[in-house]
Amino acid sequence: MDVKKLSDELSVSAQIMPQDMVALKQAGFRSIICNRPDGEAADQPSARELESAASARGLEFVHLPVVPGKMSDDDAVQFGQLLKNLPKPALAFCRTGTRSISLWCLANASTQPLPALLGAAKAAGYDMSGIVRRIANGGSTPVHLADASYDVVIVGGGAAGIACASSLLARAPNLGVAVIDPADIHYYQPGWTMVGAGVFDAASTVHTMAAVVPAGVTWIKAAVTAFEPAENAVILEGCRVVKYSRLVVCPGLKLDWAKIDGLTKTLGRNGVTSNYRFDLAPYTWELVRSLKSGNAIFTQPSMPIKCAGAPQKAMYLSADHWYRQGRLRDIDVGFYNAGGVLFGVADYVPALMGYVKKYDAKLKFQHNLVAVDGPGKKAYFTKTSADGSTETVEAQFDMIHVTPPQCAPDFIRVSPLADAAGWVDVDQGTLRHKTYANIWSLGDVCSAPNAKTAAAARKQAPIVAENICVDLGLRTKQAVYDGYGSCPLTVERGKIVLAEFGYGGKLLPSFPTFILDGRKPTRAAWWLKERILPPIYWHAMLKGKEWMAAPDVR
């Protein structure tokens, strides 16, 4: 008997036997729901036998039989009513548990988010892909087949999605392409570090989504709730169905602010800020300008995160301001990193350590932020020692810049497209899905082990576009991604260490060293970041102009 807990009210299991009632009673269950019709198998006890054994142990027993493949909407309604009225916790079972958990998902479809239901089912070891459309439809059987159909559907209208759409149309103008994204605004997120340092105005990092969606592309302003790759379908909120011939998945990352206890209650006040949110980056600059003395903490969670250098960029630029203002001697700077190294590519560490020493920043490795007390000005970290033991460390702050933990969005992690870690499971060279040959992924959500940066998406978009065209028979040579990513590490106002690297930490510089040596802080790299990259983003990358990003075809 393998019992899987779905909630405090319900667990499910495969077939149970009369003798199991003793253990179920001892485990605290108060009622049993049998969803298996009698006579399905020769070794199956009857519902009457099970009811007798349950009653003998003081357990309430209900028989709600469901024939495999014939689960009705009324079955789900009845299951929901039973669960509401029966003593809890309850155990529901059938031959494998699949019918029981399906009934639970359908009964709760109108009150719980689809990703939460699919996630609970997946955690229990059950695949709900066969009824995902019914769950999305509030627990009822949909009556329609599809609301729209396109040659290529792109999930996500961020940097990766818009660039990929533009690159596709540059190659095949007659393709029917749709971008699905519920957002009204498109952000240039790499600029937020500069906003937090008072270099960029926040408004310069914003365009409307309507302004960046390429002409000829249909923008579907909706949220995706699930995928049906076997049916070539994407399920939108409200159970609207969009069909595709080819699918590109690039919705970005989920910033898991709630994973840090107390953080959401104090963000934007009490000296707690983050450049990872558009509305908070100006507050970072406000705090930096106003801090005269005290403790300034900068945090970095476990990888992967978008732009792995951004947490320390905030530290360097803040410390540089205090250094220039003559305040640094009165401010203690601490960098609390959940990892064990300052930067993942060793070639760039010496230059960065020079600035760590210049700003007298205290490096705290293996320190993971777990809680923030804003009013009390305290941060709490779990420190992991070399032997694996942990302890809680308390740190006082006057200002804290928090980088939140990050993961794939819920609707990705619970989908058939995800690998064991929750990322869209792709081949790292072609960016094509390992199981579904008509699906590609790029940007922060794909499983390729590259740095999650806008520069990576700039390189990936033409590769995905090229490979889709090869699949459509419009091109002949497949493109291969080398893992390129770029992280302009803003070590002071006016100088940047331009880290450019690919898979395995291999250096992939864009310029000869006599023009720009990325391993050293240079003004040329700052000029590139401040003056050149923003217009390249808006007017080249998002427009399908692949300047210095042409795909490597083989």
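The aromatic rings of Tyr276 and His401 sit tilted relative to each other, their planes meeting at an angle between 30° and 60°. In this pair, Tyr359 and Tyr316 present their aromatic rings tilted. The plane angle is within the 30 to 60° band. Note: Phe501 and Tyr348 have tilted aromatic rings, judged against thresholds of 30 and 60 degrees for the angle between ring planes.
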Exercise. After noting the C-alpha distance and the side-chain angles of Trp526 and Thr490, does the key distance pass the side-chain contact (heavy atoms from CB on, under 4.5 Å) rule?
Worked result: CA-CA 7 Å; Trp526 176 273; Thr490 46; 3.9 Å; yes
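Around the NZ atom of Lys259, the shell of radius 6.0 Å holds no more than 12 heavy atoms that belong to other residues, nucleotides or ligands. Counting heavy atoms of neighbouring residues, nucleotides and ligands inside a 6.0 Å radius, atom NZ of Lys265 does not exceed 12 of them. Around the NZ atom of Lys364, the shell of radius 6.0 Å holds no more than 12 heavy atoms that belong to other residues, nucleotides or ligands. For CG of Asp8, the number of neighbouring non-hydrogen atoms (other residues, nucleotides, ligands) closer than 6.0 Å is 12 at most. Atom NZ of Lys520 is surrounded by 12 or fewer heavy atoms from other residues, nucleotides or ligands within 6.0 Å.
Between Asp184 and Lys221, at least one side-chain N (NZ, or NE/NH1/NH2) sits under 4.0 Å from a carboxylate O, which counts as a salt bridge. Using a 4.0 Å cut-off between charged side-chain N and carboxylate O, Lys362 and Asp360 make a salt bridge. Ionic pairing of Lys434 and Asp425 is present here: one or more N-O contacts between side-chain nitrogen and carboxylate oxygen are shorter than 4.0 angstrom.
In terms of modelled atom types and a separation under 3.5 Å, the side chain of Arg413 and the main chain of Gly119 share no donor-acceptor contact. For Thr403 (side chain) and Pro301 (main-chain N/O), no donor-acceptor pair under 3.5 Å exists by modelled atom type. A donor-acceptor contact shorter than 3.5 Å links the side chain of Ser447 to the backbone of Val426. Checking side-chain atoms of Tyr126 against main-chain N and O of Ala120 turns up no donor-acceptor pair under 3.5 Å. A donor-acceptor pair is defined here as one N or O able to donate and one able to accept, closer than 3.5 Å; such a pair exists between the side chain of Lys377 and the backbone of Asn270. Put simply, the side chain of Gln396 gets close to the backbone of Gly376: a donor and an acceptor are under 3.5 Å apart. A side-chain donor-acceptor contact under 3.5 Å links Arg458 to the backbone of Trp547. Between the side chain of Ser302 and the backbone N or O of Ala338 there is no donor-acceptor pair closer than 3.5 Å. The backbone N or O of Met548 sits less than 3.5 Å from a side-chain atom of Lys459, completing a donor-acceptor pair. A distance-only check finds no donor-acceptor pair linking the side chain of Glu546 to the backbone of Pro462 [under 3.5 Å].
With values rounded to the nearest 0.5 angstrom, Lys543 atom NZ is found 13.0 Å from Ser167 atom OG. Taking NZ of Lys313 as the start and SG of Cys487 as the end, the distance is 4.0 Å to the nearest 0.5 Å. For the atom pair CD of Glu394 and NZ of Lys378, the computed distance is 4.5 Å after rounding to the nearest 0.5 Å.
The shortest side-chain heavy-atom distance between Lys383 and Phe381 does not fall under the 4.5 Å cut-off. For the pair Val132 and Leu118, the minimum side-chain heavy-atom distance is below 4.5 Å. Using a 4.5 Å heavy-atom cutoff, the side chains of Leu363 and Met353 are in contact.
With 3.5 Å as the limit, one finds a donor-acceptor pair spanning the side chains of Thr273 and Thr284.
In this structure, Lys358 is positioned above the aromatic face of Tyr323, its NZ or CZ under 6.0 Å from the six-membered ring centre and within 45° of the axis. For the pair Lys4 and Trp104, the cation-pi criterion (under 6.0 Å, within 45° of the ring axis) is not fulfilled.
Each of Phe278, Tyr537, Phe200 was compared with Tyr188 under the ring-ring contact (aromatic ring centres under 6.0 Å, His included) criterion, and only Tyr537 meets it.
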